[in-house]
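For the numbers below, each heavy atom of this structure counts, side chains included, while hydrogens, waters and symmetry mates do not. These figures come from a predicted structure and were not determined experimentally.
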Amino acid sequence: MKNNIGLKNNVLKLKAPAKINLHLEILGDRNDGFHELAMMMQSIDLYDILSFEEFSENNIVFNSDSKMITNTDDNLIIKAAKLLKKYCNVLDKGIKIDLKKCIPIGAGLAGGSADAAATLIGCNKVWELGLSIKELEILSAQLGSDIPFCLKGGRQLCFGRGEILEQLETYNKNLAIILVKDRNLSISTPWAYKEYKKKYRLNYLTNEVEFEYRRFNLRNFDFNKIINKDGYSIRNDLQCIVTKEYKQIETTIKFLRNLPNSIDSSMSGSGPSCFALFEDINYAKETYNNNLKEFDDLNLDAWCCSLLNNGVKSL
Ligand code: C5P
């Protein structure tokens with residue numbers, strides 16, 4: 001794997017950035033029970049920090065500063081380390097993983113997927129397995145639809161379940177967001193997709209030609225049309241389902257859209273996190289600082305983030 005990731009004093013520290021969806025379009029059903037998607041995902045400057053250190057016994061020892069993340073086999077970090085051990089047949093290997101959690105959990109920001117992506121990269125390096133990012137992308141799709149994206153991150157088009165990736169070179173590096181999340185809300189992704197299906201199943205596209213036409217449209221969509229407010233808006237098909245059930249998210253999206261200098265606003269993934277897009281980080285910072293009381297009154301945690309051109313990276 002060619003990158004600048006290196007160990008210091010036998011410890012590897014990685015940043016695992018969150019993502020937002022700049023486009024989430026549901027095309028139809030897949031044979032594996034998932035949905036066929038056309039998405040544009042974007043890494044943002046809000047990240048968890050993971051440390052990796054080889055362990056003499058063949059155990060995976062996991063610690064976190066978050067009480068909400070359990071030390072059990074359904075933890076995506078532990079699943080990722082175990083999968084890699086099995087795939088590379090290095091069952092004698094052990095690792096200590098320490099997680100500093102900053103990305104809110106259950107927020108539609110792929111925090112768990114980012115941690116799993118960092119674990120694959122971290123264990124690959126510490127155990128000197130030599131797998132390429134492409135191999136890790138393929139392997140990681142077994143664990144979750146957003147993990148392949150989180151490895152390389154930046155801005156990518158994501159098709160299929162989300163695991164078929166096309167890197168985009170242009171990512172409007174000056175753009176920034178104000179990201180917010182209702183403090184008391186967490187939304188189940190399977191629930192959101194199930195409700196969407198109940199409502200829109202009859203409108204689903206049914207064949208590959210139609211899917212490919214939508215992919216073609218997204219590949220050729222000029223994101224500047226949103227930035228220049230040419231009558232285009234960020235699309236997230238799950239937003240109508242989630243806002244119908246949780247009215248506070250609709251209020252939040254309107255509030256974000258009306259902030260000074262906000263270009264557009266949208267929900268990320270299946271929510272509940274939402275964001276407002278700004279042309280420039282200075283506009284975003286100023287608006288963020290001027291609205292601290294409003295965020296609090298709406299029961300929102302809030303962050304001001306720039307957009308990143310990378311995924312998992314050395315700290
Ligand atoms: O793959 P991941 O674990 O992130 O997916 C969570 C859930 O979201 C799935 O169990 C499924 O209900 C829904 N989903 C879907 N189609 C996708 C991705 C996710 O229906 N392409």
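- A salt bridge does not link D73 to K79: none of the charged side-chain nitrogens sits closer than 4.0 Å to a carboxylate oxygen.
- The CD1 atom of I49 sits 10.0 Å away from atom CD1 of I103, with the distance rounded to the nearest 0.5 Å.
- Under a 4.0 Å N-O distance rule, the pair K181/D301 does not qualify as a salt bridge.
- Neither V209 nor F159 shares a network with the other; the hydrophobic side chains, linked directly or stepwise wherever heavy atoms of I, L, V, M, F, W or Y lie under 4.5 Å apart, form separate groups for each.
- Taken from CG in L143 to NZ in K82, the straight-line distance is 12.5 Å, to the nearest 0.5 Å.
- Although no hydrogens or angles enter the test, the distance criterion places a donor-acceptor pair under 3.5 Å between the side chain of T252 and the main chain of Q248.
- When hydrophobic residues (I, L, V, M, F, W, Y) are linked wherever their side-chain heavy atoms come within less than 4.5 Å, the members clustered with V242 are L24, I26, L37, M39, M41, F149, L165, L185, I187, W191, Y193, Y196, Y200, Y204, L238, I241, Y246, I249, I253, M267.
- For R219 and E212, the salt-bridge test passes: some basic side-chain N is under 4.0 Å from an acidic carboxylate O.
- Checked options D296, D297, N291; the residue passing with K293 is D297 (criterion: side chain to side chain donor-acceptor pair (under 3.5 Å)).
- Look at K13 and D98 and you find no salt bridge, because none of the NZ, NE, NH1 or NH2 atoms lies under 4.0 Å from a carboxylate O.
- F62 and I105 fall within the same hydrophobic cluster, where Ile, Leu, Val, Met, Phe, Trp and Tyr residues are linked whenever their side-chain heavy atoms come under 4.5 Å apart, directly or through other members.
- Enclosure of atom CG in D230 by more than 12 non-hydrogen atoms of other residues, nucleotides or ligands within 6.0 angstrom is indicated.
- Taking 4.5 Å as the limit, every side-chain heavy atom of S265 sits out of range of all side-chain heavy atoms of F275.
- Formation of a donor-acceptor pair under 3.5 Å by the K285 side chain with backbone atoms of C304 is not found in this model.
- Across all non-hydrogen atoms, the minimal contact from K101 to I69 is CD-CD1, 3.4 Å.
- I226 is listed as a side-chain neighbour of F221, based on a closest heavy-atom distance under 4.5 Å.
- The shortest distance between side-chain heavy atoms of C88 and L131 falls below 4.5 Å.
- A donor-acceptor contact shorter than 3.5 Å links the side chain of D32 to the backbone of F34.
- In this structure, CG in N236 is found 5.0 Å from OG in S266, a value given to the nearest 0.5 Å.
- With hydrogens and angles disregarded, no donor-acceptor distance shorter than 3.5 Å links the side chain of S145 to the backbone of G162.
- Side-chain contact check for F52 versus K125: every heavy-atom pair is 4.5 Å or farther apart.
- For the residue pair K229 and S262, the shortest heavy atom distance occurs at NZ-O, 3.3 Å.
- Atom OG of S56 sits about 8.0 Å away from atom NZ of K96, to the nearest 0.5 Å.
- Minimum heavy-atom separation, R161 to E163: N-OE1, 2.8 Å.
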Margin query: Would I44 and W303 count as a side-chain contact (heavy atoms from CB on, under 4.5 Å) here? Give the steps.
Written below: CA-CA 11 Å; I44 57 169; W303 300 261; over 6 Å; no
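- Figure legend: cation-pi geometry between R155 and F223, with NZ or CZ positioned under 6.0 Å from the six-membered ring centre and within 45° of its axis.
- L179 places a side-chain heavy atom less than 4.5 Å from the side chain of L109.
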Item checked: Working for side-chain contact (heavy atoms from CB on, under 4.5 Å), residues E210 and N207 -> CA-CA 6 Å; E210 290 176 312; N207 66 67; 3.3 Å; yes
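- Between the S268 side chain and the G108 main chain, a donor and an acceptor come within less than 3.5 Å of each other.
- By the 6.0 Å contact criterion, CD on E208 is enclosed, its count of non-hydrogen atoms from other residues, nucleotides or ligands being greater than 12.
- Within the 4.5 Å cutoff, the side chain of D29 has heavy atoms near those of the K197 side chain.
- The residues R215 and E36 are annotated as salt-bridged, a charged nitrogen and a carboxylate oxygen being separated by less than 4.0 angstrom.
- Just one residue in the list F295, F278, Y283 forms a ring-ring contact (aromatic ring centres under 6.0 Å, His included) with Y288, and that residue is F295.
- Judged purely by atom type and a 3.5 angstrom limit, D264 has no side-chain atom pairing as donor or acceptor with the backbone of S233.
- Using a 4.5 Å cut-off on side-chain heavy atoms (C-beta onward), L136 and I147 make no contact.
- Nearest heavy-atom pair across L50 and A118 is CD1-CB, 3.7 Å.
- For the atom pair CG (L99) and CG (L14), the distance works out to 11.5 Å, reported to the nearest 0.5 Å.
- Between I177 and L307, some side-chain heavy-atom pair lies under the 4.5 Å cut-off.
- Between the side chain of N75 and the backbone N or O of N71 there is no donor-acceptor pair closer than 3.5 Å.
- Side-chain N or O atoms of N21 include one that pairs as donor or acceptor with a backbone N or O of G269 at under 3.5 Å.
- A donor-acceptor contact shorter than 3.5 Å links the side chain of Q42 to the backbone of L308.
- Shown here is K100, whose NZ atom has no more than 12 heavy atoms of other residues, nucleotides or ligands within 6.0 Å.
- F255 is not connected to I20 by any chain of hydrophobic side-chain contacts under 4.5 Å among Ile, Leu, Val, Met, Phe, Trp and Tyr, and they are in different clusters.
- Of all non-hydrogen atoms in G6 and L12, the two that sit nearest each other are O-CD1, 3.1 Å.
- Of the inter-residue distances, the one linking L298 atom CG with T251 atom OG1 reads 7.5 Å to the nearest 0.5 angstrom.
- In this structure, the side chain of S43 engages the main chain of G154 through a donor-acceptor pair within 3.5 Å.
- Counting heavy-atom neighbours within 6.0 Å of Y232 OH, excluding the residue itself, gives a total of 12 or less.
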Next item on the list: Could you walk me through whether N10 and E54 pass side-chain contact (heavy atoms from CB on, under 4.5 Å), step by step?
Entry: CA-CA 8 Å; N10 293 326; E54 187 151 22; over 6 Å; no
Next item on the list: Go through the steps for E286 and N261 under the test side-chain contact (heavy atoms from CB on, under 4.5 Å), then give the verdict.
Entry: CA-CA 10 Å; E286 190 186 338; N261 295 313; 5.5 Å; no
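- Cluster membership for I227 and L157, using ILVMFWY side-chain heavy atoms within less than 4.5 angstrom, is shared.
- Heavy-atom minimum distance, I95 versus F55: N-CB, 3.5 Å.
- Linking ILVMFWY residues whenever their side-chain heavy atoms come closer than 4.5 Å, directly or via other members, places W127 and I121 in the same cluster.
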